[in-house]
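Here is the structure we will look at, set down as structure tokens.
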2 protein chains.
Amino acid sequence: MPASTELHEAVALRLREIGHRYTAQRRALVEALAAAAGRPRSTSELLEGAGVPQSSAYRNLAALEQAGVVRRVVTDEEFARYELAEELTGHHHHLICSSCGRVEDVTVPPSLERDVDRTLDRIARRAGFAVVEHRLDLIGTCGGCAARYGVR
Amino acid sequence: MPASTELHEAVALRLREIGHRYTAQRRALVEALAAAAGRPRSTSELLEGAGVPQSSAYRNLAALEQAGVVRRVVTDEEFARYELAEELTGHHHHLICSSCGRVEDVTVPPSLERDVDRTLDRIARRAGFAVVEHRLDLIGTCGGCAARYGVR
DNA sequence: ATAAGGATGACTCTCATTCTCATTAACGCT
DNA sequence: AGCGTTAATGAGAATGAGAGTCATCCTTAT
Ligand SMILES: [Mn+2]
Ligand SMILES: [Mn+2]
Ligand SMILES: [Zn+2]
Ligand SMILES: [Zn+2]
């Protein structure tokens, strides 16, 4: 990962902009997230991976989220997952395995993104909503689970 | 709502199929959900709306979900929302206000649904996922919040 | 060097959701 | 109608992710 420096600089900047510091713990969290690129991590994985105490991890993830460095990914699991914000990694979507909870990044063709945006904008306007973003997830069964449990 | 009988019959059938009974409480929950059609309800709203004790409400919502009568809607709020399953109401998507948490049903044109399905199927196959369904949400600000807080 | 304010971590607290268990209500059968 | 089986109920306890507290430690700017 040669672009690592850029990442940290971008993160530091965003934190500074809201009056926060880029401490060793926060760096460890960002590193853990970057290492898991394409795989949103659960808070407990991050806890352990970054070797950060629980209360600090939650506090720092919140700070990083506020700074726009990190995004909370919502699934139907009972705990949260986090990934680097799209401003740092690019817009994408998720494959979610409803059997094991695995989450994986995917991108869709720009042509579809365009169609989706255009249509959703129209629909939202009609309903008096100001759209900020869309979320398009694929729910299904991952390869591992299909192999493990057979074709369900 | 003249089609109410049909709804209850469909629900009763689905419950019976998995060896469960359609009790008064479950009927009350289904009624509360039907009354709020197009607006996924939080568990506490359902609790109160259906006049059902907490432990029973959670247990019954789980039973109804297992029977495919009800669907848990995931948002970034810290509590769950429920709506009647798509098999009963039809496939649709959600407008989600990130300011007040309001959730509202929307449908998108069949042509877009088709494009989405086709593209996602291809993408998923490539990743070894067997897609079961897609989730397409619009995140933004509802009319009420825009008025209340001004254009953010 | 010093002051000001953010960051830390052990611990406590909250709150949605789940579990336990004794009791009650339904259903199917005779 | 009477019975036995099994699901459903409801009050309360337990669970667990996450948020809050506060005394202490560190950074950064002057
Ligand atoms: Mn992602
Ligand atoms: Mn809905
Ligand atoms: Zn899986
Ligand atoms: Zn709103």
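Proteins get letters first, then strands, A, B, ... in listed order; numbering begins at 1 in each. Quick caveat, the model's predicted, so the values are computed rather than measured.
Following rounding to the nearest Å, A:Asp76 (CG) and C:dA16 (C1') show an atom-to-atom distance of 16 Å. Summarising the geometry, the separation between CD on A:Glu77 and C1' on C:dA16 is reported as 17 Å, rounded to the nearest angstrom. A straight line from CG of B:Leu29 to P of D:dG10 spans 11 Å, rounded to a whole angstrom. The separation between A:Glu65 atom CD and D:dG18 atom P is 12 Å, rounded to whole Å. A:Arg16 places its CZ atom 15 Å from the C1' atom of C:dG6, with the value rounded to the nearest Å. Atom pair A:Glu45:CD and D:dA17:P shows a separation of 13 Å (rounding to whole Å applied). Between the P atom of D:dA11 and the CG atom of B:Leu47 lies a distance of 12 Å, rounded to the nearest Å. Atom pair A:Leu15:CG and D:dT27:C1' shows a separation of 14 Å (rounding to whole Å applied).
If B:Ser44 and B:Arg59 are placed on DNA chain C by their nearest nucleotide, the residue sitting closer to the 5' end is B:Ser44. Nucleotides of DNA chain D nearest to B:Val52 and B:Gly19 differ in position, and the one nearer the 5' end is that of B:Gly19. Projected onto DNA chain C by closest heavy-atom contact, B:Thr43 and B:Tyr22 fall at different nucleotides, the more 5' of which corresponds to B:Thr43. Residues B:Gln54 and B:His20 both approach DNA chain D. Their nearest nucleotides, taken by heavy-atom distance, put B:His20 toward the 5′ side.
Pairing each heavy atom of B:Cys97 with each of A:Phe129, the nearest pair is N-CE2, 3.7 Å. Heavy atoms only, all atoms of each residue included: B:Arg14 and B:Gly68 are closest at NH1-O, 3.6 Å. The nearest pair of heavy atoms linking B:Val70 to B:Leu61 is CG1-O, 4.3 Å.
At the phosphate of C:dT18, neither OP1 nor OP2 sits under 4.0 Å from any side-chain N or O atom of B:Tyr58. Regarding contacts with the backbone of C:dA7, every side-chain N or O of A:Asn60 stays at 4.0 angstrom or more from both OP1 and OP2. Here A:Thr23 does not reach the OP1 or OP2 of C:dG6: none of its side-chain N or O atoms lies under 4.0 Å away. The side chain of A:Ser55 contributes no N or O atom lying less than 4.0 Å from OP1 or OP2 of C:dG9. Contact annotation: A:Arg26 side-chain N/O to C:dA7 OP1/OP2 distance is under 4.0 Å.
A tilted orientation is assigned to the rings of B:His8 and B:Tyr22, their planes being inclined by 30° to 60°.
Side chain B:Arg21 to base D:dT9: no donor-acceptor pair is found below 3.5 Å.
For B:Glu83 and B:His94, the side-chain atoms include at least one donor-acceptor pair closer than 3.5 Å. For A:Thr75 and A:Glu77, the side-chain atoms include at least one donor-acceptor pair closer than 3.5 Å.
Among the nucleotides D:dA17, C:dG9, D:dG10, the one closest to any side-chain atom of B:Pro53 is D:dG10. Distance from the side chain of B:Gln25 is smallest for D:dG10 among the nucleotides D:dG10, D:dA8, D:dG18. Nearest nucleotide to the side chain of A:Ala80, out of C:dT8, D:dG18, C:dT17: D:dG18.
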